[in-house]
Amino acid sequence: MVQAVAIRGTPVVARVAWNEPGAIMRALDAGVDGVIVPMVNSPEEARRAAEATRFPPDGNRSWGPLRPALAEPDYSPARANRQVVCLVMVETVQAFEQLDAILEQPGVDGIFVGPRDLSISLGGAPSGLDGSHELREIADRVARACAQRGLVAAAFCGVAQEARRWRDLGYSLLALQPDATLLAAGLAHELALARETTSTT
Ligand code: 3PY
Ligand code: MG
């Protein structure tokens with residue numbers, strides 16, 4: 001997938017399965033420009049994620065950049081450390097309560113909000129921005145805290161209308177619907193057209 005996206009020169013940010021250094025380093029070695037790390041609930045966990053994205057002395061990433069070294073002949077630890085982006089996910093109340101300390105961790109380049117898990121953590125059902133007043137308040141506070149520090153505010157949005165609402169709050173990296181959802185919607189649309197009883201041709 002990284003190779004396919006690179007054809008157009010579009011940056012690739014991968015969400016890894018968990019805050020686990022091996023998973024983060026594997027994605028970076030495959031050539032992603034940045035990672036989104038789920039369920040980061042404390043400054044210590046944020047530091048662990050950020051350190052896995054940087055070579056020493058800034059972190060503990062180990063050398064093995066298979067694809068990046070092919071694509072960029074002058075790829076070096078210092079250059080990689082400058083270029084990489086590490087977004088940590090705030091998706092629990094516990095994480096939000098420690099937002100400032102999480103943002104202070106060196107190498108944390110921004111926050112990616114997971115509204116579904118955050119809604120559950122608030123005691124409700126998985127939801128988007130409309131789920132609760134508390135969720136909207138958290139989304140707003142995260143955007144402001146990131147803006148104050150010049151860091152990225154990102155979020156999982158789902159449908160495009162919801163993405164516009166996050167953008168209006170100050171979010172600049174907006175995740176739309178997952179591929180499986182888009183594929184199912186596209187197929188349903190095509191099937192409905194194909195099954196129409198009248199033909200215009
Ligand atoms: C969440 O909303 O919890 C997510 O992880 C979405 O990516
Ligand atoms: Mg989540």
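All residue numbers refer to positions in the sequence shown, counting from 1. Whatever order the structure lists them in is the order used to number ligands and atoms, beginning at 1.
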| task | Say whether F112, considering both its backbone and side-chain N or O atoms, lies within less than 3.5 Å of an N or O atom on ligand 1. | result | no
| query | Do D130 and L135 have side chains that get closer than 4.5 Å, going by heavy atoms? | reply | no
| field | Atoms of ligand 1 close to M89 [distance to a heavy atom under 4.0 angstrom, numbered from 1] | value | 4 (C), 5 (O)
| SB check R47 E44 (cutoff 4.0 Å) | no
| said: To check your reading of the model: name the closest protein heavy atom to atom 2 (O) of ligand 1, its residue, and the distance in Å. | reply: R116 N, 2.6 Å
| task | Show which atoms of ligand 1 fall inside a sub-4.0 Å distance from at least one heavy-atom site of G114. | result | 1 (C), 2 (O), 3 (O), 4 (C)
| query | Taking atom CZ of R79 as the centre, does the number of heavy atoms from other residues, nucleotides or ligands within less than 6.0 Å exceed 12? | reply | yes
| said: Looking only at protein heavy atoms, which one is nearest to atom 7 (O) of ligand 1, and what is the separation? | reply: R15 NH1, 2.5 Å
| said: Please determine whether salt bridge (charged side-chain N to carboxylate O under 4.0 Å, His left out) holds for the pair R141 and D100, giving the CA-CA distance in whole Å, both sets of side-chain angles, and the decisive distance to 0.1 Å. | reply: CA-CA 11 Å; R141 301 251 309 263; D100 288 330; over 6 Å; no
| field | Salt-bridge present (E91, R116; N to O < 4.0 Å) | value | no
| request: Could you tell me the angle subtended at the Mg ion (ligand 2) by OD2 of D117 and OE1 of E91, rounded to 10°? | output: 100°
| said: Tell me whether R67 at atom CZ has more than 12 heavy atoms from other residues, nucleotides or ligands lying less than 6.0 Å away. | reply: yes
| Numbered atoms of ligand 1 (with element) below 4.0 Å of E91, judged on heavy atoms | 1 (C), 3 (O), 4 (C), 5 (O)
